[in-house]
Amino acid sequence: MIKKELICIGCPLGCSLEVLVENGSVIKISGHSCKKGEDYAVKECTNPTRIITTTLEVINGAEAMVSVKTERDIPKDKIYECIRALKGVKVEAPVEAGQVIVENILNTGVNVIATKNVARKA
Amino acid sequence: MKEYDIVIIGGGPAGLAAAISAREEEIENILILEREDKLGGILNQCIHNGFGLHIFKEELTGPEYAKRFIDKVLKLNIPYKLNTMVIDFNRDKIITAVNEEDGLLEIKAKAVVLAMGCRERPRGALNIPGSRCAGILTAGTAQKYVNIKGYLPGKKIVVLGSGDIGLIMARRMTLEGAKVVEVDELLPYSSGLKRNIVQCLNDYNIPLKLSHTVVDIKGKERVEGVTVAQVDENRNIIPGTEEFVSCDTLLLSVGLIPENELTRKANIEISGNTGGPMVDETMETEIPGVFACGNVLHVHDLVDFVTMESMEAGKNAARYVKGMYEKKGEVVELTAGEGVRYTVPVWVHTGNLGDGVDVRFRVSNVYRDKYISVYFDDVRIMHLKKRILTPGEMETIRLKPAFFKDRTDIRKITIKVEGE
């Protein structure tokens, strides 16, 4: 059995949660003051995920960098791996917001897409 | 001199929303003036997600949020000038601006929307002693370096202040390979969102030291470290707690100030509490036809609320130009009572409330299990229980026309925090 301590992000109260986890499932939550805290504790202790955003270098672009994001959230423990996989990736201008930059990153089934337009250098 | 119906100063989220809503009220002759080389303002460098939850019910990144409004401005063919710096503005609504193409521009506007946004408090505002060396920058400047220019401005970072930009940059610098040693916060609580504390600091094991501040900066050419000390409840340094922290960069996230140089040029009174002009329920300042919205008026936490407020300002500017603008009823002053730092607006016209007017305000401390009360003179007309109130989160209450029914001669409306 593992005891995990979390701060709930559901609202500014920021309840301190204590969660008991056994074999990957939550068996007890304390410290929460509403349903949001309960849901958050279960999600964070069983399948924590994040959307990752970063910037990549643009080749022949009117701007140096293009901002990108994972189209959906990916497992939290893959954050660094995802950033490493994107390290050194360069994108040829023009870039359109929504354009897929890397397909199915780390076999998560999630694409990395551009979040802005970058025109080609004049 | 060129004449426009509405000139909007600033092409960030406030200016874009004001322009769109003015055009939707069928004003053709609009001009947006923007000093940067693109529209969108600070959103362009805020590449993280979390924007738009209130307006679009989805989580967008800053550039994506900006794009929705920029695309609309383009579709509506609203004219704008980039790289254009407004250098003067007066009470006759004459605007002087400069850019490379037109040189000096003089523009007369029937209505003006002030949407210049805000700026970060710099080192000079903090009185930290120590070296004037390289490596001390605001979190927003670092954000521009990393996200727009592609430079990493340091490798070993201390962040002073736990505002949202500081938290966001702690994570961003970490992901780019820098080591963020710690975040120091003078107050016993962070003004940042809980979500940012968890997802920007805790996720990366970055310590947040509350009631701590930087008391000295060491370094010759470049920062070599800072001295951090603990402070007591009166924010005085506790002797003996000083500790040297080695770093090459100090990022400052110590508050935002509305950028009102132009507002001051027109001698519009600035509120000491918000740093922005005082407005009524239509977002109009003391000069008829001059409106203000967004962070130039008061600093917001969420861009969604900037958009909503600015839509209102743009709509009212349009009505002013069309001569449909009438403010009925008495002028009543809104006052920030105990526990409340400010209110926007600061005046309302009792006969001009439509379906209701949103009053935005901030509390001055962290309060648990208290009430927000609204008084019309000595009569309490609203009493809302709140589990938590924090200075970092803007609060909104809605004044409804029904409240004013059968109540004439109201002299003052007070909003305050009460124990019961």
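Chain letters run A, B, ... following the sequence lines, proteins first and then strands; every chain starts at 1.
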- request: Give, for atom CG of B/N49 and atom CG of A/D73, the distance between the pair rounded to the nearest 0.5 Å.
  value: 9.0 Å
Residue [X] excluded, over 12 heavy atoms near [atom1] under 6.0 Å:
{"X": "A/K43", "atom1": "NZ", "answer": "yes"}
{"X": "B/R398", "atom1": "CZ", "answer": "yes"}
{"X": "A/K76", "atom1": "NZ", "answer": "yes"}
{"X": "B/F361", "atom1": "CZ", "answer": "yes"}

Winner by heavy-atom pair count (cut-off under 4.5 Å) against chain A, out of [options]:
{"options": "B/I388, B/L193, B/V366", "answer": "B/I388"}
{"options": "B/D203, B/N44, B/T174", "answer": "B/D203"}
{"options": "B/R387, B/E393, B/R368", "answer": "B/R387"}

Chain B interface, residue from A/S33, A/P48, A/C11 that has the most non-hydrogen pairs under 4.5 Å: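 Highest number of pairs under 4.5 Å: A/S33.
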Residues in residues 139-151 of chain B that sit under 4.5 Å from chain A, counting heavy atoms only: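 Under the 4.5 Å heavy-atom cut-off, B/V146, B/N147, B/I148, B/K149, B/G150 qualify.
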- prompt: Looking only at heavy atoms, which of residues 59-69 of chain B get nearer than 4.5 Å to chain A?
  reply: B/E59, B/T61, B/P63, B/E64, B/K67
- request: List the atom of A/T55, the atom of B/E176, and the distance in Å for their closest heavy-atom pair.
  value: OG1-OE2, 4.3 Å
Taking every non-hydrogen atom, the tightest pair across A/T53 and B/R172: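 What the structure gives for the nearest pair is O-NH1, 4.1 Å.
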- prompt: Relative to chain A, which segment of B/K38 carries a heavy atom at a distance below 4.5 Å: side chain, backbone, both, or neither?
  reply: side chain
query: Side-chain contact, heavy-atom cut-off 4.5 Å: B/N202 with A/I7?
result: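 The answer is yes; the side chains approach within 4.5 Å.
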message: If you define the side chain from C-beta out and look only at heavy atoms, does anything of A/K69 sit under 4.5 Å from B/I47?
response: no
message: Are there residues of residues 111-122 of chain A whose heavy atoms fall under 4.5 Å of chain B's heavy atoms? If so, which?
response: A/T115, A/K116, A/N117
message: Give the interface residues of residues 77-103 of chain A toward chain B, defined by a heavy-atom separation under 4.5 Å.
response: A/I79, A/Y80, A/I83, A/A97
